[in-house]
2 protein chains.
Amino acid sequence: MQKQPTIRDVAQVAGVSVAVVSRVLNPGSGPVAEATRGRVNDVMKNLGYHPRTAARELKFGPPTTLGLLLADVSNPFFARLADRVVQEAHARGIQVLLMTTQEDDQLESERLATLIERRVSGIIATPTGNNLAIWKQLQDLGTDVVFVDRSIPSLPEVDVVSIDNFESARSATALLAAHGHRRIGIISGPAASSTGRDRIAGYRQALETAGLEQDELLIRHAAFRGSAGGDAASALLSIEEPPTALVVANTAQVTEVLRRLSHAGIDIPGTLSVIVFEDSPWTELMTPALTIVRQPIDLLARHSVQLALSNTQGKTSGEPKIIRVAAELVERSSVARVHFTK
Amino acid sequence: MQKQPTIRDVAQVAGVSVAVVSRVLNPGSGPVAEATRGRVNDVMKNLGYHPRTAARELKFGPPTTLGLLLADVSNPFFARLADRVVQEAHARGIQVLLMTTQEDDQLESERLATLIERRVSGIIATPTGNNLAIWKQLQDLGTDVVFVDRSIPSLPEVDVVSIDNFESARSATALLAAHGHRRIGIISGPAASSTGRDRIAGYRQALETAGLEQDELLIRHAAFRGSAGGDAASALLSIEEPPTALVVANTAQVTEVLRRLSHAGIDIPGTLSVIVFEDSPWTELMTPALTIVRQPIDLLARHSVQLALSNTQGKTSGEPKIIRVAAELVERSSVARVHFTK
DNA sequence: ACATAAAAGTGTACCGGTTCCACTTATTTT
DNA sequence: AAAATAAGTGGAACCGGTACACTTTTATGT
């Protein structure tokens, strides 16, 4: 455990002033003779000198750190998003501070306070839907805020990157209708979430286009966390005229719903056709292989990082940007054709 | 976009000196009159003042940030580990800087350089196995380094937290032997990895105890990334006397191996019994439900964070700590009893 | 009432970089 | 050869907090 050398140590050993060392450290900030540069570099190597980021950040706000505030990294969707965001950021020389909210307002506000104190240049987040004042404050402070996957309607001035939830749910539902299903259930996110609402809207649109009756009993909202998804599935199956097809549009609850269906001994797709919003590799391994809505996580990540750094990079456009990317419907074997027996 | 208030602005508006404001900010660092404290707090709120972490960190090395350097967060095991580590750290008021190496030496060394410059107090990492000099340097600098899940034999002085790989593989193999299997294959991590070696060793031990012949053809190493796992599976199945049971001990390659088995039309467990090192929820959803070795990720995370902060917290013990936690063998339906037909 | 101790508050050096400006020396221009 | 210009370097202020040494105010004891 040695004491760390500072720029002054380097300067002294190299026999130059700190200003020169600083110029060697930041090429382009001023002239340095070739010979001097070499000597200083050698000394830095010998001493094991590394400039402290903290000192550097003191002078300017650091465009070198991004906050990534997710609900929960154990959810594969967020995990992959985190992975891509980190890669994208690293490619730009940016570091990522990872925080989780567990969908908890209180935790979210604490994490945001920390991010403010760190003066991060941008934040990519899946907001809980509360803490409006803090989000506003962040923006006033000049932090680039980007909501990914979800949005908060009462904060229309924030950039948003997400899949086209309406269209995804619409096409999934339309596929089921095209296979002859007339009773199509849907489990989506909380009614309060933009994601949940948009998906339900797409679902309704598809039913309407197909000329199918809408039954509120077939629409269920499930919270992001906990076993709400399972309960919703059980409820759907126990109604008088149960669905013959199901769209599981609450990404966070997919495994929970499937577990419940499996335990209930439901035959897929014999008794129930299923389409899920989930693109992990295991959906292909199941019997039957699941028909899924695949979210282009790479694109979400790339756009998010880009937006989160855009203002910093000079592009201070006024209008908030809403980027919607298309999701892909991957047909496998969990959707069956229904024969009109009744 | 307003300019940020500093501690001096607060002091001036509140009509006190900066020292008093600093004391209000750090309770316990000195006496402040109740009335003054209230006034200062009000001013801070009104001005929207937030102390800058960077300035604080300049004075002392920050025990407020941890580096988490993982191979790849899209792997569910690492994702869950990240999730828990972040939670544990947050519970202690510590932030986590997430970085990924993609198993690439070069990237790893760049990330480590960044972590050095940030003067993080601790690093939790899944090392690639190279960059020995940098790891050494980190330790000399007083950074608490903890390897999780893997270790580097040539760096024996680094703390390690992992499951008991030997025992896990031994018990999984023993279970198969107890079910009458005599040709048991294993796919494990690279021969160069500690994880891979330990698991193979446990496997051998189990075979020996059961009095079974060891056949090198039944032992396959697969790289962490790419489709090496699938190739290993194919190779295993095409040998002259193929195995009737398989232990997939390369966590990173489980889905790849299963996909290959599925495409090959292998009946599980009829033709091949399978035990995998993987504890994601989906392993229960498959048909048949998979018998798995469950890694206690919560414990791994808790111990890692604790070790990564231990030196900072004063406990400068000399000996490197090796913490091995027991993994749990969860029996489901992918292992069948073999009847001695030959 | 007066000494004395405790509480409250102030001034300022310091952490480790960056950068502006002044200064010296070498090179080019006319 | 004198003057103008450019290249290389050094000194010191500054960023925004923290903490030590010190002064002033208030409370306590006899």
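All chains are named by letter (A, B, ...) in the order of the sequence lines, taking the proteins before the strands, and each is independently numbered beginning at 1.
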Side chain to side chain contact (heavy atoms under 4.5 Å, CB included) with I94(B): which of V305(B), V85(B), L309(B)? L309(B)
Polar pairs (N or O, both sides) under 3.5 Å between protein and nucleotides 5-7 of chain C?
none

Looking at D9(A) and T6(A), would you say the former's side chain and the latter's main chain have a donor-acceptor pair under 3.5 Å? yes
What is the separation between atom [atom1] on [X] and atom [atom2] on [N], rounded to the nearest whole Å?
X	N	atom1	atom2	answer
F60(B)	dG16(C)	CZ	P	12 Å
K59(A)	dG16(C)	NZ	C1'	11 Å
M44(A)	dG16(C)	CE	P	17 Å
L58(B)	dC14(C)	CG	C1'	9 Å
E34(B)	dA8(C)	CD	P	9 Å
Y49(A)	dG16(C)	OH	P	10 Å
R8(B)	dG11(C)	CZ	P	12 Å
I7(B)	dC15(C)	CD1	C1'	15 Å

Give the first and the last nucleotide of DNA chain D, reading 5' to 3', that has any atom under 4.0 Å from a heavy atom of chain B. dG16(D) to dA21(D)
For F77(B) and L300(B), which heavy atoms make the closest approach, and how far apart are they? CZ-CD1, 3.9 Å
Give the nucleotide from the list dT18(C), dC21(C), dG11(C) with an atom nearest to the side chain of R23(A). dC21(C)
Is the closest side-chain heavy-atom distance between T114(B) and T53(A) below 4.5 Å? no
Residues E57(A) and R118(B) bridged, charged N to O under 4.0 Å: yes
E88(A) and R92(A) ion-paired at < 4.0 Å: yes
Could you say whether H50(B) or T36(A) is positioned toward the 5' end of DNA chain D, judged by the nucleotide with the nearest heavy atom to each? T36(A)
Considering the options T100(A), T101(A), T128(A), T126(A), which one meets the side-chain hydrogen bond (donor to acceptor under 3.5 Å, both in side chains) requirement together with E108(A)? T128(A)
May I ask you to say what [X] touches in the nucleic acid, namely base, sugar-phosphate or nothing, with a heavy-atom cut-off under 4.0 Å?
X	result
A19(B)	base
V20(A)	sugar-phosphate
V21(A)	nothing
T6(B)	sugar-phosphate

Verdict with reasoning, R150(A) to S162(A), per side-chain contact (heavy atoms from CB on, under 4.5 Å): CA-CA 7 Å; R150(A) 316 173 182 173; S162(A) 76; over 6 Å; no
Go nucleotide by nucleotide along DNA chain C from the 5' end; which of A55(B) and A33(B) gets its closest nucleotide reached first? A33(B)
Would you give the length of the straight line joining atom CG of L141(B) to atom NZ of K136(B), rounded to the nearest 0.5 angstrom? 14.5 Å
For atom CD of Q12(A), is the number of surrounding heavy atoms from other residues, nucleotides or ligands below 6.0 Å larger than 12? no
